[in-house]
Number of protein chains: 2
Amino acid sequence: MGANGREPAPATRLLAGSAGWLLGDVAREVTLRLEEALRGDELRWRDYGVLVILESAGPLSQQEIGRRLAVDRSTMVHVIDVLEQRGLVARGRDRADRRAYAVELTGAGRALLAEVLHPLTDAVHEQVLGRLTPGERRTLTRLLARLAGPARDA
Amino acid sequence: MGANGREPAPATRLLAGSAGWLLGDVAREVTLRLEEALRGDELRWRDYGVLVILESAGPLSQQEIGRRLAVDRSTMVHVIDVLEQRGLVARGRDRADRRAYAVELTGAGRALLAEVLHPLTDAVHEQVLGRLTPGERRTLTRLLARLAGPARDA
DNA sequence: TATTGTTATACTCTATAACTATA
DNA sequence: TATAGTTATAGAGTATAACAATA
């Protein structure tokens, strides 16, 4: 009898009007479609985040990965457990600090990203952004990049 | 020891680059700031959504409100309980269907929206969008409005 | 004394199922 | 028989606190 799959935020399409609300609406749609797309591989948005971080930042401790995702280290234990059981990451030891793991992508993890996950998310972005012309898209990207910068207070 | 307040989505600023990821980053920042701003009035994003929906769509049943927010009716019971206890909404009876409530804004609810909550969210939007010139902002709004339309599949 | 990973535990959020009163 | 609201309950998700190994 549920109305939800397992979405993070409510779908308040009613509030639209200003750029702020529209932003939320569009982003929510992207997120929902991404979660939906990843479901086929039994991955959550967060799992994908771990893999992408490891791909771009090499071996990291569990705590460091959690810090970048705003997830507690105690929560990371299970997240990494699952990814390790699926053979997508491996817990190596950090030779400089034997308390910490050096979590790294396996070949399988790297391949899954390149062959499945990245194309999947590209496709989702394409579905949503495809309504714009290439020129409009460049404009949008430029404006959003201005907004996405660091510290910005009124 | 937590890394979170109670955010919905992880903060993966690392993935930025394309419009799709930037969109998520900016929207996440808006959401975090909104939750933060509403915390002062001990309201969650969802509570605000209920009030806004009632403001724009008049008295509605709990189930209908839940449908618009993608929240189950069993969950709505407590949401409305709290808002009612705070005197922001009232459970009237739907005279056409005595099974259903006709939940409506009270004067206090309407006043809180007008005097506190709407200004608050406007301020948050201003903080994030304020980096753009008025012209850029109009452009952004126009582009997002194109994206926020209904059904759009590749 | 501080930190990484771990575990046990508790708390929050939300849905499912069963119940009631209506329809 | 079906529906709105309610309640009890269960599950997912995630944090806090305490512990072992290491720094």
Plane angle bin for A:H125 and B:W21 - parallel if under 30°, tilted between 30 and 60°, otherwise perpendicular: perpendicular
task: Could you tell me which residues satisfy salt bridge (charged side-chain N to carboxylate O under 4.0 Å, His left out) with A:R86, sequence neighbours excluded, listed by chain and number?
output: none
task: Could you tell me the separation between the CE atom of A:M76 and the P atom of C:dT7, rounded to a whole number of Å?
output: 15 Å
query: Out of C:dA15, D:dA4, D:dT7, which nucleotide sits closest to the side chain of B:V77?
result: D:dT7
message: Can you see if the side chain of B:R46 gets near the phosphate of C:dT14 - specifically, an N or O under 4.0 Å from OP1 or OP2?
response: yes
query: Taking NE2 from B:H78 and P from D:dT7, how many angstroms apart are they, rounded to a whole number?
result: 11 Å
query: With sugar-phosphate meaning primed atoms plus P, OP1 and OP2, does B:R93 contact a base, only sugar-phosphate, or nothing at under 4.0 Å between heavy atoms?
result: nothing
- prompt: Who are the salt bridge (charged side-chain N to carboxylate O under 4.0 Å, His left out) partners of B:D41, not counting sequence neighbours?
  reply: none
message: Would you say B:Q62 places a side-chain N or O within less than 4.0 Å of OP1 or OP2 belonging to D:dA4?
response: no
- prompt: Residues in side-chain contact (heavy atoms from CB on, under 4.5 Å) with B:E64, at least two apart?
  reply: B:L60, B:S61, B:R67, B:R68
task: Describe the nucleic acid contact of A:S61 in one word from base, sugar-phosphate, nothing, applying a heavy-atom distance below 4.0 Å.
output: sugar-phosphate
message: Please report the distance, rounded to the nearest Å, between CZ in B:R67 and P in D:dG5.
response: 13 Å
field: Nucleotide D:dA4, atom P - distance to CD1 of B:I80 in whole Å
entry: 15 Å
field: B:R28/B:D25 ion pair, N-O < 4.0 Å
entry: yes
message: Check the phosphate of C:dT6 against A:R91, side-chain N and O only, distance under 4.0 Å to OP1 or OP2. Yes or no?
response: yes
- request: Record whether the side chain of B:S74 comes under 3.5 Å of the base of C:dT16 through a donor-acceptor pair of N or O atoms.
  value: yes
- prompt: Would you say a side-chain N or O of B:R44 is under 4.0 Å from OP1 or OP2 of C:dC13?
  reply: yes
query: Rounded to whole angstrom units, what separation is found between the CD atom of A:E84 and the C1' atom of C:dT6?
result: 14 Å
query: A:E35 has an atom CD; how far is it from atom P of D:dA12, in whole Å?
result: 16 Å
Nucleotides 20-23 of chain D: which of its N/O atoms have a protein N/O under 3.5 Å away?
from	atom 1	to	atom 2	distance (Å)
D:dA23	OP1	A:R98	N	2.8

task: Rounded to the nearest angstrom, tell me the gap between atom CZ in A:R73 and atom P in D:dT14.
output: 17 Å
message: Measure CG/A:D81 against P/D:dG13 and give the value in whole Å, please.
response: 14 Å
Give the table of side-chain donor-acceptor pairs shorter than 3.5 Å for residues 98-105 of chain A, with sequence neighbours excluded, one pair per line with atom names and distance.
from	atom 1	to	atom 2	distance (Å)
A:R99	NE	A:D97	OD1	3.1
A:R99	NH2	A:D97	OD2	2.9

statement: Those residues at least two apart in sequence (or on a different chain) that pass side-chain contact (heavy atoms from CB on, under 4.5 Å) with A:E84 are A:V89, A:R91
- request: Hey, which sits more toward the 5' end of DNA chain D by its nearest nucleotide, B:T75 or A:V79?
  value: B:T75
